[in-house]
Amino acid sequence: MTPANLADTVLSAARAVFETRGLDLAALPATTAVERPRNPEHGDYASTLALQLGKKVGVAPRELAAALAEELGRRAGIKSVEIAGPGFLNIRLDAAVTGTIARTVVEAGAAYGRNSKLAGQRINLEFVSANPTGPIHLGHTRWAAVGDSLRRVLTAAGAEVTSEYYINDAGAQVDRFARSLYAAANGQPAPDDGYGGDYIGEIAQQILGEEPELAGRPAQDALPVFWARGYQLMLSEIRQSLERFGVHFDVWFSEKDLHDGGSVEHAIDTLRKQGHIFEHEGAIWLRTTDFGDDKDRVLIRSNGEKTYFAADAAYYINKRERGFDRCVYLLGADHHGYIGRLKAIAACAGDDPGQNIEILIGQLVNLVRGGQPVRLSKRAGNIITLDELLEAVGADAARYSLARSSTDSTLTLDIEEITRHSSDNPVFYVQYAHARIASLLRNAAEKGIARAGDYDPALLSHEREKNLLKTLGEFPAVVATAAELREPHRIAVYLEERVATDYHRFYDACQVLPRGDEAPTEFTQPRLWLAEATRTVIANGLDLLGVSAPERM
RNA sequence: GCGCUCGUAGCUCAGCGGAUAGAGCACCGGACUUCUAAUCCGAUGGUCGCAGGUUCGAAUCCUGCCGGGCGCGCCA
């Protein structure tokens, strides 16, 4: 029995109690959950349903709990139900019932953990969207890791997800980039408002190598070439870096295409029809203050140029017209000022800003080196690129350390620590558990022991076996919660603090395979099933984080 | 100034209103002729920034204050 099954049982018992007592059935929630008590004396699972419902229906929680306990105690598989404190229900299950979780997991295989929490939702997930004027650096990397995991988690929860990278290729930034390339190609210093990293010189040289005749050509002729080719090379470098990082985008969306294709005009028309456009001092404005923004925003400047904001509006409207119910944006805390205006765009377009648009703000990454803060600055040249990070620690460790903590907290990474003590990284703790199981299964095969078609679940009765089983049973709920709250780090926390820990403890206490030439025992089969179930959960969980599950370490 | 956000062990971080607040690192002490010791077991370490409020119950929700980060352009 999984926790979800048990929760359903609790709810159905509650329904029976309500019916016999003539209580208001409408007070019952649609779903409930059981929790794993920290204290083992509180049973295998606990329900707080009586506590939550007591006041609602005017029955003392303990009295309601007593009725629930009696009803629940009659259900199959439930060994005992105790009432504790103000009205907790502490539930104990028959060992065999918990033992079947291994079979549930193994039979579901790679699908174990998938659920239908977000079934039917069409989600557009935009993240990174770094300007194509330089390499992906550490500032973007957290969103790459988190965003891609979120894509996987949302998909696992049944949503139809499109991940998208918005390329800011229409504004002054790429012009500056082109001028910087031109300057470098001609041996001149970078313009004051330009880019000065080493990569500028490298790209300039590559372009010159392809088209030597560009050298010495006037800016007027050469700039468009540097613009087009430079942009192409830079974007392709960004894509390759992200690819190496295991980060996948379904759509690379060009801002320039938005302008060239008339989408901006179309968006302004749409917004005008909704009645939120006005003209002031020669500029076209969107009255975003109607919907809580601090100030109204210019769409078309008095000189006729469309603003970046106009493209934002067009992009949002474009996403909606492509059929996405929810447009999710993953932005760094330095962009939190965008929340108001983006929500206002949705509202001005006639959408529900609480439903159709969702802006996730994540805190930034701080870097320290040996405890001393490192200021990331392009000018100072101490930007750490994604490629450098990958070279130093590898994709698995990088992704894991960036995805394992909540984006609500600023993350502090010590460069010395992640580059030097990489074996301390908790990702190895999780991966090691997987590798240990893989090794175990190889040894079993060598001994000629195959996992049988079935096992006796009642034999998985050791305290550490039961803990591990219960933990494995929680995985679908962990995935569902991570998806619902957009918090993929919950997967990492679960794998690290629960699954890997419980497996290592089980492994420490319970011999799986016969030693030497001994014959298999009655525990061999159930434990092989449990090991395989654990391997499945770790592999599925790591996959949601975009981290590999190694067979050997 | 206005707004957003964060504040949990020495450090890095978990903890979607539940029972005695947890883990890793660091520090101290144990466990490998036995399925991978990248592991396990134990010890040490806390006014959950502060003060009120909501409630059967608050690290969690609300208000105020203190401290850190960030944002407030017809910039991109």
Side-chain angles (χ1 to χ4, degrees), chain A residues 33 35 37-39 41-42 46 48 51-52 54-55 60-62 84-88 90 131 133 168 170-176 255 280-285 294-295 297-303 305-309 311 332-340 361-364 366 368 371 401 404-406 408-414 417 421 423-433 435-444 446-447 481-482 484-485 487 489-490 492-494 496-498 500-501 503-516 524 527 531 552-553:
Chain A
E35 28 183 273
R38 195 186 312 284
N39 186 339
E41 286 171 21
H42 295 152
T48 57
L51 240 25
Q52 290 157 23
K55 177 164 268 185
R62 276 199 68 107
F88 290 102
N90 293 336
N131 281 340
T133 53
N168 298 122
Q173 300 287 10
V174 271
D175 293 340
R176 288 175 194 167
E255 181 191 359
H280 178 65
E281 292 180 354
I284 307 288
W285 296 67
D294 332 342
K295 57 195 72 171
R297 306 286 168 179
V298 173
L299 290 163
I300 302 180
R301 289 193 256 162
S302 48
N303 66 7
E305 275 180 49
K306 296 170 185 95
T307 61
Y308 187 85
F309 176 74
D334 51 339
H335 286 80
H336 70 245
Y338 283 42
I339 299 175
I361 295 298
Q363 302 302 307
L364 304 175
N366 287 325
V368 296
S401 26
R404 74 189 276 262
S405 52
S406 160
D408 282 346
S409 51
T410 52
L411 191 58
T412 303
L413 292 182
D414 192 313
E417 207 155 288
H421 303 306
S423 64
D424 287 341
N425 194 304
V427 71
F428 296 117
Y429 182 76
V430 179
Q431 288 184 316
Y432 181 59
R436 253 184 161 182
I437 299 170
S439 165
L440 182 79
L441 299 175
R442 279 194 303 271
N443 292 343
E446 270 177 33
K447 284 174 186 280
T481 303
E484 201 177 11
L485 300 178
E487 293 185 347
H489 77 279
R490 286 169 183 276
V493 171
Y494 166 77
E496 182 177 325
E497 294 185 3
R498 317 293 302 287
T501 298
Y503 181 76
H504 287 309
R505 285 180 182 161
F506 154 76
Y507 184 88
D508 184 62
C510 304
Q511 182 74 23
V512 178
L513 299 176
R515 298 160 200 254
T524 303
R527 288 177 177 170
R552 288 188 166 79
M553 282 178 76

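Below, read A as the first sequence line, B as the second, and so on, with proteins coming before strands; counting in each chain starts at 1. Everything quoted here is computed from the prediction, not taken from an experiment.
When only modelled atom types and interatomic distance are considered, A:Thr48 and A:Gln52 share a side-chain donor-acceptor pair under 3.5 Å.
Residues A:Asn90 and A:Glu41 are not in side-chain contact: their nearest non-hydrogen atoms beyond the backbone lie 4.5 Å or more apart. Contact annotation: the side chain of A:Tyr308 approaches that of A:Asn168 to within less than 4.5 Å [non-hydrogen atoms, C-beta and beyond]. Between A:Ile284 and A:Val298, every side-chain heavy-atom pair lies at or beyond the 4.5 Å cut-off. At a threshold of 4.5 Å between non-hydrogen side-chain atoms, the residues A:Arg442 and A:Arg552 count as touching. Counting heavy atoms from C-beta outward, A:Thr481 and A:Arg490 have side chains that approach closer than 4.5 Å. Counting only heavy atoms from C-beta outward, the side chains of A:Ser405 and A:His489 never approach each other to under 4.5 Å.
Here the separation of B:U47 from B:U8, taken at their C1' atoms, is 12 Å to the nearest Å. Taking the C1' atom of each, B:A59 and B:G18 are spaced 13 Å apart, rounded to whole Å. Using P as the reference atom, B:A43 and B:A23 are 11 Å apart when rounded to the nearest Å. Between the P atoms of B:U44 and B:A37, the separation comes to 28 Å (whole Å). Nucleotides B:G49 and B:U12 place their P atoms 15 Å apart, quoted to the nearest Å.
One donor-acceptor pair, N or O on each side, does fall under 3.5 Å between the base of B:C74 and the side chain of A:Ser302.
At the heavy-atom level, A:Ala283 lies under 4.0 Å from base atoms of the strands shown. Using a 4.0 Å heavy-atom distance criterion, A:Gly171 is classed as a sugar-phosphate-only contact. Counting non-hydrogen atoms under 4.0 angstrom, A:Ala170 reaches nothing in the nucleic acid. If you check every strand for non-hydrogen atoms under 4.0 Å, A:Ala46 touches a base. Within the 4.0 angstrom heavy-atom criterion, only backbone atoms of the sugar-phosphate kind lie near A:Ala333; the bases stay farther away. Using a 4.0 Å heavy-atom cutoff across all strands shown, A:Asn90 reaches at least one base atom of the nucleic acid. Across all strands shown, A:Gln511 has heavy atoms under 4.0 Å from base atoms, whether or not it also approaches the sugar-phosphate.
Rounded to an integer number of Å, the gap from A:Phe506 CZ to B:A37 C1' is 18 Å. Following rounding to the nearest Å, A:Phe88 (CZ) and B:G17 (P) show an atom-to-atom distance of 14 Å. One atom, OH of A:Tyr494, and another, P of B:C16, lie 15 Å apart when rounded to the nearest Å. Across the protein-nucleic acid pair, A:Glu484 atom CD and B:C16 atom P stand 13 Å apart, rounded to whole Å. In this entry the distance linking NE2 of A:His336 with P of B:C70 reads 11 Å, nearest Å. For the pair A:Asp334 CG and B:G71 P, the computed distance is 6 Å after rounding to whole Å. Taking atom CZ on A:Phe428 and atom P on B:C25, their separation rounds to 14 Å, with Å as the unit. When the P atom of B:C32 is taken as reference, atom OH of A:Tyr507 falls 16 Å away, rounded to whole Å.
Using N1 to N3 plus N6-O4 or O6-N4 for Watson-Crick, or N1-O2 and O6-N3 for G-U wobble, each under 3.5 Å, B:C70 pairs with B:G3. Pairing for B:G46 is absent, judged as Watson-Crick or G-U wobble with the two contacts each under 3.5 Å. Checking B:A76 for Watson-Crick or G-U wobble geometry (two distances, each under 3.5 Å) identifies no partner in any strand. The partner of B:U60 cannot be assigned: no Watson-Crick or G-U wobble pair with both contacts below 3.5 Å exists in any strand. Shown here, B:G17 forms no base pair; nothing in the strands shown gives a Watson-Crick or G-U wobble contact with both key distances under 3.5 Å. Under the Watson-Crick or G-U wobble criterion, with both distances below 3.5 Å, B:U12 is paired with B:A23. Pair assignment for B:C40 gives B:G30, based on Watson-Crick or G-U wobble hydrogen-bonding distances that are each under 3.5 Å.
With A:Arg62 contributing its side chain and A:Gly85 its backbone, the two residues share a donor-acceptor pair below 3.5 Å. In terms of modelled atom types and a separation under 3.5 Å, the side chain of A:Trp285 and the main chain of A:His280 share a donor-acceptor contact. The backbone N or O of A:Pro514 lies less than 3.5 Å from a partner atom in the side chain of A:Lys447, making a donor-acceptor pair. A donor-acceptor pair under 3.5 Å is absent between the side-chain atoms of A:Thr412 and the main chain of A:Asn366, judged by distance alone. Formation of a donor-acceptor pair under 3.5 Å by the A:Asn131 side chain with backbone atoms of A:Thr133 is not found in this model. A donor-acceptor pair under 3.5 Å links the side-chain atoms of A:Thr501 to the main chain of A:Glu496, judged by distance alone. The main-chain N or O of A:Gln511 is found under 3.5 Å from a side-chain atom of A:Arg527 such that the two form a donor-acceptor pair.
A:His504 has its ring centre no less than 6.0 Å from the ring centre of A:Tyr507.
Taking side-chain N and O atoms only, A:Asn366 has no distance below 4.0 Å to OP1 or OP2 of B:G69. Residue A:Arg301 places at least one side-chain N or O under 4.0 Å from the OP1 or OP2 atom of B:A76. For A:Lys447 and B:C35, the shortest distance from a side-chain N or O to OP1 or OP2 is not below 4.0 Å. Proximity of A:Tyr432 to the phosphate of B:A38: a side-chain N or O atom is located under 4.0 Å from OP1 or OP2.
For A:Glu35, taking side-chain heavy atoms from C-beta onward, the closest of the listed nucleotides B:C16, B:A76, B:G18 is B:G18. Ranking B:C35, B:C70, B:C72 by closeness to the A:Asn443 side chain, first place goes to B:C35. The side chain of A:Glu305 lies closest to B:A76 when the candidates are B:U36, B:A76, B:C72.
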Between protein and nucleic acid, restricted to nucleotides 56-63 of chain B and to nitrogen or oxygen atoms under 3.5 Å apart, what atom pairs and distances do you find?
{"unit_1": "B:C56", "atom_1": "OP1", "unit_2": "A:Lys55", "atom_2": "NZ", "d": "2.3"}

Filtered N/O pairs between nucleotides 12-15 of chain B and protein, under 3.5 Å:
{"unit_1": "B:U12", "atom_1": "O3'", "unit_2": "A:Thr412", "atom_2": "O", "d": "3.4"}
{"unit_1": "B:C13", "atom_1": "OP1", "unit_2": "A:Thr410", "atom_2": "O", "d": "3.0"}
{"unit_1": "B:C13", "atom_1": "OP1", "unit_2": "A:Thr412", "atom_2": "N", "d": "2.3"}
{"unit_1": "B:A14", "atom_1": "OP1", "unit_2": "A:Ser406", "atom_2": "N", "d": "2.3"}
{"unit_1": "B:A14", "atom_1": "OP1", "unit_2": "A:Ser406", "atom_2": "O", "d": "3.4"}
{"unit_1": "B:A14", "atom_1": "OP1", "unit_2": "A:Ser409", "atom_2": "OG", "d": "3.0"}
{"unit_1": "B:A14", "atom_1": "OP2", "unit_2": "A:Ser409", "atom_2": "OG", "d": "3.4"}
{"unit_1": "B:G15", "atom_1": "OP1", "unit_2": "A:His489", "atom_2": "NE2", "d": "2.8"}

Nucleotide N/O of nucleotides 40-43 of chain B paired with protein N/O under 3.5 Å:
{"unit_1": "B:C40", "atom_1": "OP1", "unit_2": "A:Tyr429", "atom_2": "OH", "d": "2.4"}
{"unit_1": "B:C40", "atom_1": "O2'", "unit_2": "A:Asp508", "atom_2": "OD2", "d": "2.5"}
{"unit_1": "B:C41", "atom_1": "OP1", "unit_2": "A:Arg505", "atom_2": "NE", "d": "2.7"}

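By the stacking rule of 5.5 Å between ring centres and under 30° between planes, A:Tyr308 does not stack on the base of B:C75.
Both A:Gln173 and A:Gln363 lie close to RNA chain B; mapped to their nearest nucleotides by heavy-atom distance, the more 5′-ward contact belongs to A:Gln363. In this structure, A:Val174 and A:Ala438 both approach RNA chain B, and ranking their closest nucleotides by distance from the 5' end singles out A:Ala438.
Aromatic ring pairs are classed by plane angle as parallel below 30°, tilted from 30° to 60° and perpendicular above 60°; the pair A:Phe506 and A:Tyr503 is tilted.
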